[in-house]
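Notes follow once the structure below has been shown.
Bear in mind the structure is a predicted one, so any value in this text is a computation, not a measurement. Heads up: numbering here begins at 1 and tracks the sequence. Any value given below was found using the heavy atoms of this structure, including those in side chains, with hydrogens, waters and symmetry copies removed.
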Amino acid sequence: VPEILLSYHIARAFQKAFGENFAIYHGSLGDKLNVWYNVAKGKVKVVMGTRSAVFLPIRDLGVILVDEEFDEGFKEEGRIPFYNARDLAIYRGKILNIPVVLGSATPSLESFHNIRIKKFKPLILTKKIHGGNVSMEVVDMNREKKVRGIFSERMIYDLLSTLQSGKNAIIYVNRRGYLPYFFCAECGTPVKCENCDVVLALHRGKFGEFLKCHICAFSTDIPLSCGNCGNTNLIGVGFGTQRVEEELSEILKVEVFRMDSDKIRKREEVIRLLREFGEGKIRVLVGTKMVIKGLDFPNVSLVVILNADQFLYGGGDFRAEERALQILYQIAGRIRGEGKLLIQTYNPNHPVLREFLKGDLGSSYERIYGERKGSDFPPFRRMAFFEIRTPSEENDRINFKILENFVENYKGATLWGPSYPPMRKLRGMYRVRVVILGKDHKEVLKALSDLERLPLRGRKIFNVDPMSLV
């Protein structure tokens with residue numbers, strides 16, 4: 001599974017069915033070593049775990065199930081090795097000659113491609129497990145009257161109606177903190193993290209307001225003046241989960257609860273919060289992706305996407321539309337009976353939204369698949385990137401020139417770059433990147449090998465089949 005915290009209801013069912021033969025395994029598990037030994041000895045026969053569970057030495061392994069196989073959480077992007085647990089599961093199944101079941105309502109385009117070329121066998125559910133009728137409405141925020149800047153009048157009306165009917169609501173917000181962007185009102189210079197090339201977000205805590213980086217967790221007090229022009233008028237804009245929680249509580253006159261990684265850190269907290277939400281003690285839940293993964297509550301009749309544009313336009317990533325489609329269907333899946341999905345956007349005519357409202361998943365896949373083929377992107381070609389990281393800006397400039405000369409004269413795989421990633425500086429390291437596109441795995445690995453031999457200054461990073469180019 002991609003996220004163990006939100007799979008506790010599945011774990012509970014498995015525990016009841018398999019008893020001592022069942023175990024949970026994930027990276028932050030306290031008795032991880034004990035579970036590993038019990039698995040190796042054959043005492044545990046069924047394991048539910050996150051990506052690292054794919055390496056467990058299970059005896060007489062008979063089947064591997066990968067739930068929500070499209071999820072980015074299966075790809076390790078933070079540290080070496082940059083493996084994809086889904087792909088490893090497929091490879092392990094091939095070695096052991098056992099079935100591997102990839103489950104998803106919105107499969108990755110790679111899996112869609114593998115079905116097309118007869119590499120995978122499709123098993124399609126023709127009926128929904130949960131009945132009911134979900135109505136969908138897109139609110140054009142260019143025309144709609146707004147309450148406090150980001151809440152449409154339609155959204156507030158639907159929330160009040162939902163609460164009056166005794167049902168629950170979920171609000172999806174793709175930004176943590178109180179104000180996601182903090183900058184100088186005079187010259188426009190953003191207040192950035194000292195370790196990463198990202199704007200700091202304003203958070204509110206027990207001891208007041210502070211700025212925080214959502215990449216490396218660096219935090220600092222709010223500066224007295226702008227580091228560029230010296231002006232003291234520093235402001236924050238936008239809506240994060242903290243602000244939405246606070247302002248909706250004031251408008252609705254009920255307690256709104258927030259569910260994000262800033263507030264929820266332990267499994268027990270997740271279980272308690274979701275149990276109270278299921279029992280109706282909590283009526284409105286605001287959160288990031290945590291609220292759209294795996295939650296199953298029959299009393300939810302309204303789900304609101306506060307700002308769909310945040311994921312409809314994925315910063316130039318070629319997978320943006322595929323991910324947007326997957327998020328939309330995941331969110332709609334949180335309504336199990338009669339209910340409504342309300343989508344706020346400034347771009348109501350976006351093709352993904354139009355196709356989603358028609359319920360035409362097949363047409364969306366065909367269109368995106370055709371566009372990928374036309375642009376020669378994965379899954380039609382293999383992709384990797386080579387990156388050199390250094391704490392020295394001078395070495396960074398030298399590395400760029402070396403890579404620039406190499407790319408201009410290279411014969412073989414297609415090389416893009418060198419270029420700076422959207423976050424040029426990450427956790428104190430300057431980054432230069434070359435993206436590789438090859439007709440097959442061999443051509444990509446040849447290019448990576450050639451790049452490795454260059455006299456570059458810093459740490460060399462190799463990422464084959466990356467899920468993100470950020």
Side-chain angles (χ1 to χ4, degrees), residues 1-76 81-130 267 271 293-296 326 330 333 379 441 464-465 467:
V1 293
E3 174 58 67
I4 203 72
L5 278 178
L6 302 177
S7 303
Y8 80 95
H9 55 291
I10 303 175
R12 192 166 53 188
F14 279 21
Q15 186 73 60
K16 186 177 180 180
F18 302 112
E20 293 182 355
N21 286 319
F22 172 72
I24 292 174
Y25 187 87
H26 55 88
S28 55
L29 188 68
D31 61 343
K32 185 163 58 174
L33 191 60
N34 187 45
V35 172
W36 194 94
Y37 276 119
N38 286 336
V39 167
K41 292 175 182 177
K43 293 181 179 180
V44 171
K45 300 183 184 301
V46 180
V47 179
M48 185 177 83
T50 50
R51 58 179 176 241
S52 58
V54 75
F55 297 107
L56 286 173
I58 301 176
R59 289 188 179 183
D60 301 318
L61 187 59
V63 63
I64 303 175
L65 311 176
V66 183
D67 188 35
E68 301 292 12
E69 60 87 24
F70 68 87
D71 198 283
E72 297 173 50
F74 287 120
K75 173 73 174 181
E76 173 60 80
F82 299 126
Y83 68 94
N84 190 314
R86 177 201 62 196
D87 297 344
L88 276 178
I90 295 168
Y91 186 65
R92 189 173 182 183
K94 182 180 179 181
I95 292 173
L96 297 175
N97 195 28
I98 61 172
V100 177
V101 181
L102 308 180
S104 177
T106 51
S108 64
L109 218 62
E110 284 78 10
S111 293
F112 182 81
H113 177 69
N114 283 327
I115 291 172
R116 277 291 174 88
I117 62 175
K118 309 296 183 183
K119 187 176 180 180
F120 289 177
K121 178 182 179 182
L123 301 172
I124 301 171
L125 294 176
T126 56
K127 293 182 180 180
K128 290 184 177 180
I129 296 174
H130 301 277
R267 180 172 177 266
I271 293 173
K293 289 186 177 182
L295 301 188
D296 186 10
Q326 290 159 349
Q330 264 195 321
H441 197 66
V464 179
D465 299 326
M467 291 293 289

**OP:** Write out all pairs satisfying side-chain hydrogen bond (donor to acceptor under 3.5 Å, both in side chains) with one or both partners inside residues 46-65, taking only residues at least two apart or from two chains.
**Re:**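 Found R51-E76.
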Of all the heavy-atom pairs spanning [X] and [Y], show the shortest one and how long it is.
| X | Y | answer |
| --- | --- | --- |
| V35 | A23 | CG1-CB, 4.0 Å |
| T106 | F70 | O-CD2, 3.3 Å |
| I98 | V63 | CD1-N, 4.0 Å |
| V46 | F14 | CG1-CD2, 4.4 Å |
| L102 | R86 | CD2-CG, 4.0 Å |
| V47 | I58 | CG2-CD1, 4.1 Å |

Original post:
Do I24 and Q15 come within less than 4.5 Å of each other through their side chains, counting heavy atoms only?
Top reply: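 The answer is no, as the side chains (C-beta and beyond) never meet within the 4.5 Å cut-off.
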Original post:
Can you tell if the side chain of F120 reaches within under 4.5 Å of the side chain of I90, non-hydrogen atoms only?
Top reply: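 Heavy-atom side-chain distance check passes, below 4.5 Å.
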**OP:** From the options W36, Y25, Y83, select the one residue that forms a ring-ring contact (aromatic ring centres under 6.0 Å, His included) with F55.
**Re:**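 One option only clears the test, and that one is Y83.
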Just verifying a value: how many Å separate [X] [atom1] and [Y] [atom2], rounded to the nearest 0.5 Å?
| X | Y | atom1 | atom2 | result |
| --- | --- | --- | --- | --- |
| L88 | I95 | CG | CD1 | 9.0 Å |
| F22 | K16 | CZ | NZ | 14.5 Å |
| K43 | N34 | NZ | CG | 8.0 Å |

Subject >> Residues, nucleotides or ligands: over 12 heavy atoms within 6.0 Å of Y91 OH >> reply: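 12 or below, so no.
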**OP:** Kindly write out the residues that satisfy salt bridge (Lys or Arg N to Asp or Glu O under 4.0 Å) with D71, not counting sequence neighbours, or none if the list is empty.
**Re:**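 With neighbours one apart ignored, the set is K293.
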Original post:
Counting only N and O atoms by type, is there a donor-acceptor contact under 3.5 Å from the side chain of K32 to the main-chain atoms of H26?
Top reply: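 Judged by distance alone, no pair lies under 3.5 Å.
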**OP:** Give the C-alpha distance, both sets of side-chain angles, the deciding distance and a yes or no for side-chain contact (heavy atoms from CB on, under 4.5 Å) between D465 and E110.
**Re:** CA-CA 11 Å; D465 299 326; E110 284 78 10; over 6 Å; no
